[in-house]
Every structure is written in C-alpha cells, then in structure tokens.
Amino acid sequence: MSALLRVEGLVVEFRVGGWRSPPLRAVDDVSFEIGPGETVGLVGESGSGKSTIGRAVLGLQRAAAGRIIFDGDDITDRTASQRRELAKAISAVFQDPYSSLNPAISVGRSILEPLLVQRKLDDAAGQLKAGELLEAVRLPKDVSKRLPHSFSGGQRQRIAIARSLSTEPRLLVCDEAVSALDVITRAQVLNLLEDLQSRTNVALLFIAHDIPIVGHHARRIVVLYRGRIMEQGLTEDVINRPLHPYTRALLAAVPLLDPEQQSARRESRAASVSVSTANAAPPPAEGCVFAPRCPYAADVCQTKRPLDLSVSGRTVQCHLFDPDSGHPQADAELSALDRAASS
Amino acid sequence: MTSGREMATPEILSIDTETVTANPDAPALRRALTAAAKHPSVVAAALWLLLVGLASVFSSQLAPYDPLAQNVMDSYALPSLHHLLGTDQLGRDLLSRLIFGGRGILLGCCETVAIALTIGVPLGLVAGYRGGWIDSVLAFVVNVLFSIPGFVLLIAVAFITADSLPAIMGALGVLASATILRLVRSSALAVRSQGFVDYARIAGVPLPLLLTRHILRNTLGTLVVQVFYLFSLAFVIAASLSFLALGFNPATPSWGQMVFDATQNIYLHSWLMVPVGVILTATVLAFQTIGNVIRESLPQANRDSLLAGKSGPIAVAEPWDQAARLERSGRGSAPAPAVPEISDDVLLRVDGLCVSFPRQDGSRYNVVDGVDLTVRRGEMLGVVGESGSGKTMSALALLDLVPRPGVISARRFEVAGHNVLTLQPKERARLRGRVVSYVSQEPMVALDPCFTIGATLSEPLRVIRGLGRKAAHAEALDLLRRVGIARPEMVARSYPHQLSGGMAQRVAIALALVSQPELLIADEPTTALDVTIQAEILDLLRELQSDTGMTVVLVTHDLGVVADACSHVAVMYAGQIVEYGAASDILTKPSHPYTTSLMAAVPTAGAQGGRLQTITGSVPSPQSWPVGCRFANRCPVAIDECSAAPVSLQVEEARARRCIREPTVARLARDVAHVVRSPE
C-alpha cells in the first residue's frame, strides 16, 4: 500500500525570546505515514507538538527540516497559491467550535467557501449542495441562511465538519475536534465521522490528548512527548501492551468507569511516574525528554538520546529496549518481552 | 494547551447576550445599527445631518437671497422678517450664506474621511494579518505621523497651496489615516488568530478575499464608529482653521468665512457668531452622538463571545453585591427529599433549589428546577450531566453566584449550620469567602495577571485570616507546598502567565484553601487539563479532603472523574436530579436510562472501532421542557406513560431515581441505544 501522506523527519521550530536565543523545537524528527482511508492517531499532552504537526501538514506552519509528502508530491514548502490546488484534497476540523465559524457570514456561505474557491458554483447549485452537506452531518438543511451564533457547540462542530468535507477531501486533519464537547455530543460527532469515513473513504489524521478516543478510532497510534515520538504502532499493541514508560503513564491516567477497578488503576498509576508534572525537572539537553518523569530513568537516559527501535511490531524510542544502550534494566525488559512473545 | 471546555446550549447563552434584538439572526453590526436607529437622539442627529446635507445640495433653490449680494445700508441687522437670521457687516443675508456655506466644509470632511480610509484600511489589514517586517515598517510610519504636530502641518499646507481647502483636508486625511491604520491593525490582529481564518487559509481562499470577508467584516463595527468620530474631528479642525483665516476664500460663502467675520466683530456685533456657531456645534454633536450610540449598541460582551467564543452563560466575575436575588420559595416541583432526615454531620442541605431567568415578556423560566441535595461532611459529591443539564448553574447557586438577572429560590438552604435564606447579602458574601470556596474550570480566571502568585495568595490571608505580612507569606508558601508544589519560593515569585495549566490549577486550588473552607465547590476543575495532569489534580483533591475533612462538590461531565474521585454522585438532566447515590453503586448498577446512556458514550481504551452507543439529540432548552419525563424523547426505553405526567424522584434506601421503568429495563438502555434511532 502506498502512503497517502508521508511525514519524514519533520522538525518545526518556534522563535522564543529574542533572535539571539536558540529556537524552541516543538517537533523534533517526527516520521509517520497514513494510507488512503486509514485513521492514524497522534496522542500526547499539551506541548507534545501534536497540533503543530497537524498545522505543518496543513501548510499553516513552516517546517524547519524534513519533508511532507502527499500522494507522492513533496508539499513541504508550497506557497499559498500552490496550496490552493491541495486545498481540495486536504482539509481540517479544529478544536474550538466557537471560533471556527465567521460570525458575520451565514453558515451556508461558510460551508460552501472551500467549493467557491475551487470553482464557481451558481446560487441554486450552491443552495442544493449546502443543504446536502448539512443533511450529511444531520442538521436540517434549511439552516444554511442562519448565522453561527444561534448554534450550540456540537452543532457548530458539525457545521465545521460539513465545510471540511465539501470538497470531498482525501485527508482530514482532526485537531482535537471533539475535545471541547461533552460526552454525548462527543460520541455523536465521533459516530458521524465514522459514518462519513466509511462512506467517503477519507483518511484521518486524528489528533487528541485522550488516548481512549484516539484508540477507538485509529488503526495506528503515534505517541508524542515534547515533540518526539515515544512509541508508534498498531492501536491494539500500543493500548493493550504499551512498551514505552510514557505510554504506560498516559494509559494509567485514564480513569475507568468502575470505581473499584479505578482505585486499582490509581495504585498502578502511582508506579507509572516518578514525579508529578508540577515538580519535574526540565528535560536534559541530550538524553531522553521523558527521563525527568520516568520511573525507569537511569544515567544513560540523561546523557544519550534513545534511538528509534523496532520492537515487537512497533517503533519505540527508549533505552529500556536497546540491548546496547547500557541501561541496567534493558536485559530484564527484553527477556520479559521474549517470554511474552513465545507464550 | 488542550482545553476541553464544555459548551453551553444556545438557549442558555441567549440569556445574557440577546439584550438588544430586533432580528437575532442578523450580524452584530447590523443589529447594532438597527438598535441605534431606534434611539431618539440618533434619529434627531440623523435628521439634522440630512437637513444640512440637503441644504448644501439644493442651496440655490432654498436660499432667499444671493449670498454675495451686499447691502451696506442694512449691515449688522438683527433677525427680522426680511432677514430671518439677520445680516453681516456687508449686509449679506446670513441665512443664505449659511445655506450656501456648508458645501465646502462638508465635502472637505468627506475627503478627509475617504483618504483616511483608503490609506488606513488596506494597510491596517495587511499589517495586522501579516505581521512581521511589514507591520514593523508600518508601525514606524504611524508613529512618525502621530509625532507630526497636525495643526502646524495643516497651516504649512495652507500657505503652500494658497489656502486650498481640498489640499488642507487631504493632508488631514493622510494624518488621520494613521489612526484608522492602527485601529484596523489591532482588530485584524485579534481576528487573525480565530479558527475560521485558519479554515479559510486551508481552503485556499485568496488573500484579498480573506482580508475582506473574514477580517474586515469582523472589524467593521469599530470602524463605523471611528468614521463618525473622524467626521466630527475633521469638521472641528476645518472650523478652527477658518478662525485663523485659513482654508477659505472671501469671494465664496463658507462657514469658515462666517466664523472669521464673526470673530472680527465679536465685541460689537456678537449675534453674528450665533447662527454659524449653532450650526457648527449641532453638526459636530450629531456626528458624535451617532458614533457614541452605535458604539454603545455594539454589544461588547456579545461581540467578544461571538469572536472569541470563550464565554459561556456564566459571568463568575459578577461583583458579589450584584449577585442574584435569593428567595425563599413556598413550593417546589419535587416534593420528595432525596435523602432521609437531617443529622449532625450534614454540611450542606438544599431543598427545592431553583434558578430562574426572565423571558422577554417578563415571566420567568427555571434553569435549575427543584434540586434537593444533602451532602455530609467529608463527602465528595460529583454532579454530572450534559451541557444544558443545569449542573453548573446549580453549583453557582450553591455559591449564591448566579449571574443577573437570575433568581435563586429554595425551600431550605443550609450550609454548615447557617440558614442561608435568612442571611443578608453581606453575610452571604462573608459565608462565601470563609466557609464555602470555589475552583473554576479556567484557573487563569482566578489569578490576576498583574500580581505574583505570592502576592495573590498573601492578600486574602491577611484580609480573611488577619495574618501579618511575613506570616501571610510563610503561610502562602505552606499552601503551595500543600498543593504539591515542591519549589514554592520559585512559584510564589512567578506571574500567572509563567505557569503551565496544571500548575495554575494547583495554585487556584491553593487560593481556594486560603480561608480553610468547609465546603469546596469545583466546577469542571480538570476539564481543560491533560489526562495525566487531571489524575494528579484529582489525587490532590482526594488528599486534601482526607487531610482536612473538607467537603467537595465537583461538577463534571466526565463519569471517569466521578469514578476516580467521588464518594457520591448526582446525575442531572434538564435542571433536575435524575439519579443519586453512592458512586460505587450508581456506576456499577445504574438504574436510570440517562445514566446508562452517559456511561455508554464513553469510549474505553481497548475496545476499538465501530460506533459508540449513544443517544441522539440534545438536552431540551429550559424554555421547552416537556410535561412528562424530560428525557423521554431521547430515551431508548421510553413508553407512552413516560410522557404523560411529571415523574417524581423516588427514594429507595440510599439511592434515588426519577424513572417509571424498572431499574433492569433502564439498564437495558445501554444495549438498545444503538438499535433505537429517533430522528434528531
């Protein structure tokens, strides 16, 4: 299967402070692929660079290094006019439903905007198309003349989805698209995305901080921490048998609905991080970015950046799984893995 | 930062935003203009401007005399039937001169405004949207323009161009373009970061279209106001120049010339100044009035919520003395108390708590509708529900912080032995400061950006606990340590913007602990946080509770948070409690279909793919609650009887539920949710 989107060694930097201070590396050597119609999830906490990756794919953020290849074409440094061609194929849904719609123009015009940019639509065809798109996201089609302020958050998010699907894109970047919605609205919107995806075969880059939500949708998961990929693999592997200590910490923090199971998980969570986020030291300049919070951190983690390792069907960036790293627990972890694989 | 802000329904949003409204579906600017047009002073001002404009256009038809016809025999005449406004030093009819004289100055003002807009708007848009070096260069140009003494420049232009009014007004337009540029730039800067601009960029909208449709249209409100101010400014400056004998030609009638003539004769023939003075003053006043009224009608709060989109229905910053009225109510819609009779260890007890808001016609509707709660000391009660379920409004009612014009009423309202219903507003405010404390979803709201964390914490310690400066500082550090901050000295020296979201929430909790409260009300304290930090904050709340015996009411939409932290849970729907009990009980054996639906909508890690089992639709608006069970139209197991009559809250041992179906049937809702589909 040839990839629809391939991100290779992406680096994004932000200028902070003056021009003399070194730039902040928000995304550091990130590579992954999305196949046609596939869903890939990017998870991580604030500051993990997950949204920045999405913005780089959308051309809203310049890449300092690396390549973004869409359908065989390098789209890393496209100008605005060159991107107009791409706009038909790549679209997005963002987090904040309240700022997603221009308050001064009707939702119908908002929805049709991507189409109007692509080619001229006459009024009647536009009306019809807006109505179809609204029905596809299960809103009454006669609301297209109304202004955004009369819609709730969930409804606005549906309108944003209708707009992003109007050009029948092949890749949809969902950046925290359901994070601002409450549970039931969130489930409704997720189901809607699922239906639309099975109908149009659009590929999803699903960005969220909530691992169960990403896990529910994505076939593969990329776990990010401070701009680096910690672990990447098939969803069932990453969620059921997490390798990287950060993935374990992330999973242990998700509360379960059963209070008894949850109190057991709470115990295991205490073991999954060595120090709270509030008190963690800044990450070492070389070394592993997760080391300050990692319960397995050894000397090597402070001084040497871990390599991308291929372990039981996925990529992990951790000295624990590198027999040559010199990490004291590496041999024990690896033999445990071997035992699990052979049983 | 990730932010999981929960969204309000438009119905509740409309409570505080739709104040001026003829047509709620029109853009804010059009609504503001419509509202302003109904204002009597605007009508008068517009009529005046229309009159002045028409008189200038049709001057030759309207004027009784030739404005240049002299009659020295009849000079300095006071008003009479022949000369309605009298004559000047050469016996020329003042009324005719006034009618003819406005054209030049009015055209000049139009020219100034047109030039200022032509230069200022496009450059302002580009500067604000693009930023970078273009912005820096334009900012420099603006600063230069501002630093030029305007009057001196205009006088110079007048001398160079031999008193040409168009040249003077044109130069004024160039100067004024700096103001317009700066205004448009800052508005564009604010709009640029909005999501819809990103969407437009992704859609490939060409730059000119993007700037006009998405940025300019959302800055028009302030721009329109500014145009009216600019008109009046140009007018005043033109009139002032004529006092200096600049910008007019004695051969043609003009208001400037008339001002000049009147100034020459101000001691002997003061009447000359009156007609032209009235005209000038009235015209300036008219421009200013229209500008002011439009500015007032542009609903600032509304505009912010539409643009920034951050405001829910709750204005927590409401000053305490302005908080909602509190009433004792004789009746309530829920007769049965949720929990058996009161005992000593009960900290909070409310019966029949209602929060109501006025409709446009003056009648009231409830947003919270008869909530009964009993919270014992040391409990952590989770209040759960969707947006629009009334959970946040209930929490604010417990704090007596419902925004106006909301009214809280209750049959019974007791906190830590105080009967809140009989307290004076001042005493209630005292209670809130000392016994009851509050943590909001957005920690930054609680922290004043102007002060260090240390100062923010010390001040209430000194006021409420009466500590000295040093003791307060030491106590502040101690509080920071108690909320799990290992380096309190460093944090105490920081400003709020230097803190991460999780750290800020810890500090906000420390702030709530200042008064050593008995009851802490936390409204979605972890919703905006990452899951790892959420777990830490919940650990912290649990620890604080076991250390101090504090009671916590935690509002959330996340049942996982309830499972992690709460001892009890109250599930709310459409302003009512629909299920109540111990968290371990409810979450393992839910007996209301709504609770079941809420649980089913949560994706569990591991269960991959497929549809989530969820109900359709959303919570009905408080203005259209049905007579029967309010959940019936979305309930997967509803039968006809459900909609027939109100369903009361039935208490069974330590649990309560509001449902007429058997608990086993209600539990089925989870399995049938995905089968039954009602159209939304």
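Every chain is numbered from 1 and lettered A, B, ... according to where its sequence line falls, protein lines coming before strand lines. Scope of the values below: all heavy atoms of this structure, side chains included, with no hydrogens, waters or symmetry mates.
- Rounding to the nearest 0.5 Å places OG1 of B:Thr588 at 8.0 Å from CD of A:Glu260.
- In this structure, A:Glu85 places its CD atom where only 12 or fewer heavy-atom neighbours from other residues, nucleotides or ligands lie under 6.0 Å away.
- The shortest side-chain heavy-atom distance between A:Val183 and B:Asp558 does not fall under the 4.5 Å cut-off.
- With a threshold of 4.5 angstrom between heavy atoms, A:Leu139 does not approach chain B through any atom at all.
- Of the atoms belonging to A:Arg83, not a single heavy atom falls under 4.5 Å from chain B.
- When every heavy atom of B:Gly204 is checked against every heavy atom of A:Arg84, the shortest pair comes out as O-NE, 2.8 Å.
- B:Gly195 and A:Ser99 make their closest contact through N-OG, 3.0 Å (heavy atoms, listed as atom of the first residue, atom of the second, distance).
- Atoms CD1 and OG, from B:Ile202 and A:Ser164 in turn, are 9.0 Å apart once rounded to the nearest 0.5 Å.
- Residues satisfying the salt bridge (charged side-chain N to carboxylate O under 4.0 Å, His left out) criterion with B:Arg542, sequence neighbours excluded, are B:Asp539, B:Asp564.
- Comparing B:His214, B:Met503, B:Arg506, B:Gln534 by heavy-atom pairs within less than 4.5 Å of chain A, the highest count is held by B:His214.
- If you measure heavy-atom distances from A:Arg293 to chain B, the contacts under 4.5 Å come from the side chain alone.
- Only the backbone of B:Val561 comes within contact range of chain A, with at least one heavy atom under 4.5 Å from a heavy atom of that chain.
- By the 6.0 Å contact criterion, CZ on B:Arg481 is enclosed, its count of non-hydrogen atoms from other residues, nucleotides or ligands being greater than 12.
- No other option in A:Ser263, A:Pro259, A:Ala87 has as many heavy-atom pairs under 4.5 Å with chain B as A:Pro259.
- Here the straight-line distance linking atom CG of B:Asp198 with atom CG of A:Asp96 works out to 11.5 Å at 0.5 Å rounding.
- For the pair A:Glu113 (side chain) and B:Ala200 (backbone), a donor-acceptor distance under 3.5 Å is absent.
- Residues B:Arg217 and A:Ala104 share a closest heavy-atom pair of NH2-O, 3.2 Å.
- If you measure heavy-atom distances from A:Val93 to chain B, the contacts under 4.5 Å come from both the backbone and the side chain.
- Remark: B:Arg130 CZ is loosely packed, at most 12 non-hydrogen atoms of other residues, nucleotides or ligands lying under 6.0 Å away.
- A:His209 and B:Asp530 share no donor-acceptor pair across their side chains, judged by distance under 3.5 Å alone.
- Contact tally against chain A (heavy-atom pairs below 4.5 Å) for B:Gly502, B:Gly484, B:Ser193: the top residue is B:Gly484.
- The candidate with the highest count of non-hydrogen atom pairs below 4.5 Å against chain A, out of B:Ala565, B:Ala583, B:Gly560, is B:Gly560.
- Donor-acceptor pairing under 3.5 Å is recorded for the side chains of B:Thr532 and A:Glu45.
- Distance check, rounded to the nearest 0.5 Å: CG of A:Asn102 to CD of B:Gln194 gives 9.5 Å.
- To the nearest 0.5 angstrom, A:Ile184 atom CD1 is 4.5 Å from B:Leu598 atom CG.
- In terms of heavy-atom proximity, B:His557 sits nearest to A:Asp182 at CD2-CA, 3.6 Å.
- How far CZ of A:Arg186 is from CD of B:Glu386: 12.0 Å, rounded to the nearest 0.5 Å.
- Interface remark: A:Leu256 contributes backbone atoms only to the contact with chain B (heavy atom separation under 4.5 Å).
- Looking only at side-chain heavy atoms (C-beta outward), A:Arg109 and B:Arg213 come within less than 4.5 Å of each other.
- Listed for the B:Tyr199 side chain is a donor-acceptor partner under 3.5 Å among the backbone atoms of A:Phe94.
- Annotation: maximal heavy-atom pairing with chain B below 4.5 Å, among A:Ser100, A:Ala92, A:Pro255, occurs at A:Ser100.
- Heavy-atom minimum distance, B:Pro603 versus A:Pro212: O-CB, 3.5 Å.
- At least one side-chain heavy atom of A:Asn191 sits less than 4.5 Å from a side-chain heavy atom of B:Thr614.
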